[in-house]
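Chain identifiers are assigned alphabetically (A, B, ...) following the order of the sequence lines, protein sequences preceding nucleic acid strands; residue numbering begins at 1 within each chain. Just so you know, these numbers come straight off a predicted model, no measurement behind them.
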Protein chains: 2
Amino acid sequence: MHDHLSQTFAALADPTRRAMLAQLSKGEANVSQIAKPFLKSMSLPAITKHLKVLEKASLITKTKEAQWRPCKINAEPLKDMAQWMEQYRMFWEESFDRLGEYLKTVVPKKNKKRKLAKASRSKE
Amino acid sequence: MHDHLSQTFAALADPTRRAMLAQLSKGEANVSQIAKPFLKSMSLPAITKHLKVLEKASLITKTKEAQWRPCKINAEPLKDMAQWMEQYRMFWEESFDRLGEYLKTVVPKKNKKRKLAKASRSKE
DNA sequence: TTTATATTTAACTTATTGGTTAATTAACCT
DNA sequence: AGGTTAATTAACCAATAAGTTAAATATAAA
């Protein structure tokens, strides 16, 4: 499983890892802090592994600080995911006929880098 | 891996399956039609399996029609994904100070079921 | 230099994933 | 009935994932 998107999806396909990410969304934390809520249900090496999966998927960044390893969220890959998802938005938008109106509110009036929707329709 | 969200993410963590979904986003298709682009690189049973993964994740619905099995996309699970992702939007939005303005354009003025952002902050 | 804390690595196990080929089922068409 | 097309199931295999315990490494502190 080589491509970025697959790696992102795979990393998120685990509730433990999503919970870790959720914690990091509230601020930096080192490994043992992240580990705390899970040590009842799994070992520390298991946590190290989960963090490594998140790191390889670039969803977090681990740095060094004395004997600690502070981790920071990096939601960049989620941005790519969001972009990928845009091609399906119309399928889940509540009423199809509101969609036109919706696009008018979301796409910046006078062009301006584009925000959501109507994304470039790249293949995959 | 029991929860819905994990199943959705896992199903999407494969480029073949994402390509199948992309095809179905352009309209219904039966198994052999879906299979065509992949038969150079994998067997039909492999395709059956991929479709089963998508089906179990509720991303597609398979029905019967004579000897064919037409498949239809069902993006409902992607909606849940999108909702989950909302809690991270602020991390990838380009400039944080434009965010406020952005929310004003996206959240319907006089309440009205909410469209994006500020989603219910559910745990996980 | 020993000790304590934080984290990782190694080695192993079990289950799941993604693929294969061969055989089977299902529905239709002569 | 016999053949063709569509799709699935069965049985198998290799690679990966998710966990374990035990040992190792890194930094700080006594």
Contacts table for residues 53-60 of chain B: side-chain donor-acceptor under 3.5 angstrom, sequence neighbours left out:
none

Decide yes or no for B/Asn30 and B/Cys71: does some side-chain heavy atom of the first lie under 4.5 Å from some side-chain heavy atom of the second?
-> no

Shortest non-hydrogen contact between B/Leu12 and A/Phe9, atoms and distance | O-CD1, 3.4 Å

Between A/Leu51 (CG) and C/dT9 (C1'), how many Å, whole number?
-> 15 Å

To the nearest 10 degrees, how far apart in direction are the end axes of the helix from C/dT1-D/dA30 to C/dT30-D/dA1, each fit to five base pairs?
-> 0°

A/Lys36 NZ - C/dT7 C1' separation (whole Å) | 16 Å

d(CZ, B/Phe9; P, D/dA18) in whole Å = 14 Å

Residues 17-50 of chain A vs ring-ring contact (aromatic ring centres under 6.0 Å, His included), sequence neighbours excluded, gives none

Quick note, side chain to side chain donor-acceptor pair (under 3.5 Å) partners involving residues 61-77 of chain B, not counting sequence neighbours, are none

Between A/Arg17 and A/Ala11, which heavy-atom pair has the shortest distance, and what is it?
-> NE-O, 2.7 Å

Would you say A/Ser32 reaches C/dT7's phosphate, i.e. side-chain N/O to OP1/OP2 under 4.0 Å?
-> yes

Atom pairs under 3.5 Å, N or O on each side, protein against nucleotides 19-24 of chain D: can you list them with distances?
residue, atom, partner, partner atom, Å
D/dG19, OP2, A/His50, NE2, 2.3
D/dG19, N7, A/Lys49, NZ, 2.9
D/dG19, O6, A/Lys49, NZ, 2.2
D/dT20, OP1, A/Ser43, N, 3.4
D/dT20, OP2, A/Ser43, N, 2.9
D/dT20, OP2, A/Ser43, OG, 2.6

Heavy-atom side-chain contact between B/Leu78 and B/Met81 under 4.5 Å = yes

Rounded to the nearest Å, what distance is computed from the CG atom of residue A/Leu39 to the P atom of nucleotide C/dA6?
-> 12 Å

Looking at B/Tyr88 and A/Arg18, what are the two nearest heavy atoms and their distance?
-> OH-O, 3.9 Å

Please give, in whole Å, the distance from C/dG19 P to B/Lys40 NZ?
-> 15 Å

Would you say B/Thr48 reaches D/dT8's phosphate, i.e. side-chain N/O to OP1/OP2 under 4.0 Å?
-> yes

May I ask you to list the residues of residues 61-70 of chain B, by number, that have any heavy atom positioned under 4.0 Å from an atom of DNA chain C?
-> B/Ala66, B/Gln67

In whole Å, what is the span from the NE2 atom of A/His2 to the C1' atom of D/dT16?
-> 12 Å

A/Ala82 and B/Trp92 have their tightest heavy-atom pair at CB-CZ2, 3.8 Å

Sub-4.5 Å side-chain heavy-atom contact between A/Val31 and A/Leu51 = yes

Taking CD1 from B/Ile47 and C1' from C/dT17, how many angstroms apart are they, rounded to a whole number?
-> 16 Å

Taking side chain as C-beta onward, heavy atoms only, is A/Met85 less than 4.5 Å from B/Met85?
-> yes

Send over the distance from B/Phe38 CZ to C/dT20 C1', rounded to a whole Å.
-> 18 Å

